[in-house]
Amino acid sequence: MPKITYTQPDGVQSVVDVNEGDSVMRGAVLNGVPGIVAQCGGGASCGTCHVYVDENNTKPLPEMHPVEDELLHCTSSPRQDNSRLSCQLPVSAELDGLVVHVPETQI
Amino acid sequence: MSVVVIGAGQAGCQAAVSLREQGYRGPVTIVGDENVPPYQRPPLTKAYLAGDVDLDGVLVRPESFYAAHGIDLVLGDPAAAIAREDREVVLRSGLALRYSHLVLATGARPRTLPGALTLRTVADAEVLRERLHRPARALVIGAGFVGLEFAAVARTKGHEVTVVEALPRALARSVSPIVADHVVARHQERGVRVLLGAELSAPERGNADLVVAGIGVVPNVALAEDAGLTVDDGVVVDAHLRTDDPFIYAIGDCASFSSAFAGARIRLESVQNAMDQAACVAAGIMGSAEPYTAVPWFWSDQYDMKLQIAGITRGHDRTEVDGDPSSGRFAVYCYRGDRLLGVECVNKPAAFVQTRRRLAERQEFSVA
Ligand SMILES: Cc1cc2nc3c(=O)[nH]c(=O)nc-3n(C[C@H](O)[C@H](O)[C@H](O)COP(=O)(O)OP(=O)(O)OC[C@H]3O[C@@H](n4cnc5c(N)ncnc54)[C@H](O)[C@@H]3O)c2cc1C
Ligand code: FES
């Protein structure tokens, strides 16, 4: 199973096995990684699954859908170039080793 | 300390999860009457009904999560009584659980009509999903979110669908007429018959081979009432979501609380409310009580329409529309006097997140 690393604002890391096909969001929720609220359960409706993809990332991520782009429009932790909604990042073998950073706040 | 949560829905589950996230180390038990671990209800009229996900895909946490996090999950065994003097909950099986803090998260149940199916539980959704495998002439009674979402999925699957609503407009409790009319028009374009302000006629009913009632819910308050707690529509709680018994909280669909956003005592039926109230109560139990002030928000997906509502727009006396409804992408800002109550967005997520932020900031400002 691909491994995804979630880094908390205080630096604490969780390395989690995520099923292929599950999203980076679902991987966090199923494994009790805090800070990814995901109120809408992955429907690209809430914008509370914001993460920062590690700056050194070289793994291929899907293009951003306009809805995701809009939901990231007004995040409470400032949007950066590496901001994504983790429910829109499906995990595949190619993403094995992906590192994402959990923001301070979600709403 | 020992925390017992009654109701294994999204609120109850989140209460236990938030306690653990906030560092609580004592025992916590969730008691549920359904036979399945806590799951998300929104997909029941969306992806689950459409057949795109199964039970595993809608569970709030995998079944193994609970034991791994020291959360006792007692399923299929409803709480029968609360003995407040002994701080004890007795389940139908006779099992008695002592608590230092009790959280009521008993949710709500659908209003029923003779001969009509309802859609609240995964068991209900399973029946309807199965039924939609064969051609159906579906009659939906009630043009609320649940009824309209069901109608959208059934119609997309090619079934004949009629929606009958007694009130003169759809979603009357929830959104402005502009948005309601827009939603109804999208249903009609797809071939759904929508009868507003209509009495349900016998021929209409006779013509249908699948009748679904979406006529609202009633909160599950019997347990609280029997225990002598104040109930007024929902279980009455204070700003910290405590009932009149300081050791008993109520959250989610079953709780009636004073909302600064509504300017009144209300119950909210939304995932946001269930999850945020759960987190608020967990903090209270951990000794860092803050009043509940989270911004209410809601979403609904029908066809290619993404509806998102921030704030509570009911009771507005003025609207400002941003965008052209005929483009299928617009936002309706709702005001009472000068005060922005909230926004209703159709395929305009940016307006939604922006307004939710704005309302949250205003709230912080007024509490501080
Ligand atoms: C079909 C459908 C679609 C929805 N779509 C959306 C949406 O798109 N967006 C949104 O924000 N919200 C939506 N909602 C609303 C949202 O799902 C609810 O607000 C939320 O589930 C409330 O959570 P809760 O835990 O308070 O209550 P519930 O989910 O009702 O859970 C309460 C649980 O407690 C159990 N219980 C009751 N009494 C007892 C007892 N004595 N002992 C043990 N257990 C007991 C109940 O059986 C139930 O399992 C939808 C709801 C439905 C039904
Ligand atoms: S979980 Fe709601 S937008 Fe990602």
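Every chain is numbered from 1 and lettered A, B, ... according to where its sequence line falls, protein lines coming before strand lines. For clarity, every value in this text was computed on a predicted model and none was experimentally measured.
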Trainee: Just checking B/Trp299 against B/Phe352, ring centres under 6.0 Å apart?
Mentor: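 Distance test on ring centres: not under 6.0 Å, no.
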Trainee: Identify which of A/Val29, A/Val37, A/Leu72, A/Asp69 forms the greatest number of heavy-atom pairs closer than 4.5 Å to chain B.
Mentor: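 Highest number of pairs under 4.5 Å: A/Val29.
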Trainee: So does A/Gln80 have more than 12 non-hydrogen atoms from other groups sitting under 6.0 Å from CD?
Mentor: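 Above 12, so yes.
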Trainee: Is it the backbone or the side chain of B/Gln308 that comes under 4.5 Å from a heavy atom of chain A, or both, or neither?
Mentor: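 Contact with chain A is through the side chain of B/Gln308 alone.
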Trainee: If the threshold is 4.0 Å, N to carboxylate O, is there a salt bridge linking A/Arg84 and A/Glu68?
Mentor: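 Counted as a salt bridge, because a side-chain N and a carboxylate O are separated by less than 4.0 Å.
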Trainee: Return the option, out of A/Pro34, A/Cys46, A/Gly43, A/Gly41, with the maximum number of heavy-atom pairs under 4.5 Å with chain B.
Mentor: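 Highest number of heavy-atom pairs under 4.5 Å: A/Cys46.
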Trainee: Are B/Phe330 and B/His182 close enough that their ring centers fall under 6.0 Å?
Mentor: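 Aromatic pair counts; centres sit under 6.0 Å.
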Trainee: Just give me the residue among B/Arg356, B/Gln272, B/Met275, B/Arg20 that pairs up with chain A most often, heavy atom to heavy atom, under 4.5 Å.
Mentor: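 The candidate making the most pairs under 4.5 Å is B/Arg356.
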Trainee: Look up atom CD in A/Gln39 and atom OG in B/Ser270, then write down how far apart they are to the nearest 0.5 Å.
Mentor: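 Answer rounded to 0.5 Å: 8.0 Å.
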Trainee: Checking B/Val295 against chain A: side chain, backbone, both or neither under 4.5 Å from a heavy atom?
Mentor: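 Neither part.
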Trainee: Under 4.5 Å, counting heavy-atom pairs only, tell me which of A/Asp22, A/Asn31, A/Leu71 racks up the most with chain B.
Mentor: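 With the most close heavy-atom pairs to chain B, the winner is A/Leu71.
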Trainee: Top residue by heavy-atom pair count (under 4.5 Å) with chain A, among B/Arg329, B/Arg358, B/Glu361?
Mentor: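 Of B/Arg329, B/Arg358, B/Glu361, B/Arg329 has the most heavy-atom pairs under 4.5 Å with chain A.
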Trainee: Side chain from CB out, backbone as N, CA, C, O: work out which of these in B/Pro42 comes under 4.5 Å of a heavy atom of chain A, or both, or neither.
Mentor: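 For B/Pro42, there is no contact with chain A at all, as no heavy atom is under 4.5 Å.
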Trainee: Tell me the closest heavy-atom pair linking A/Thr105 and A/Ser76, and the distance in Å.
Mentor: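 Shortest heavy-atom separation between A/Thr105 and A/Ser76 comes out as OG1-OG, 2.9 Å.
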Trainee: When only pairs under 4.5 Å are counted, which of A/Ala38, A/Gly42, A/Ala44 shares the most heavy-atom pairs with chain B?
Mentor: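 Greatest number of close heavy-atom pairs with chain B: A/Ala44.
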Trainee: At a heavy-atom separation under 4.5 Å, does B/Val17 approach chain A through its side chain, its backbone, both, or neither?
Mentor: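 Neither part.
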Trainee: Between B/Arg129 and B/Asp54, is there a salt bridge with N-O shorter than 4.0 Å?
Mentor: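 Yes, charged N to carboxylate O under 4.0 Å.
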Trainee: So for B/Gln354, is it side chain, backbone, both, or neither that comes closer than 4.5 Å to the heavy atoms of chain A?
Mentor: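 Both the backbone and the side chain of B/Gln354 come within 4.5 Å of chain A.
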Trainee: With a 4.0 Å cut-off on N to O distance, would you call B/Arg41 and B/Glu34 a salt bridge?
Mentor: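 A salt bridge is present here (some side-chain N lies under 4.0 Å from a carboxylate O).
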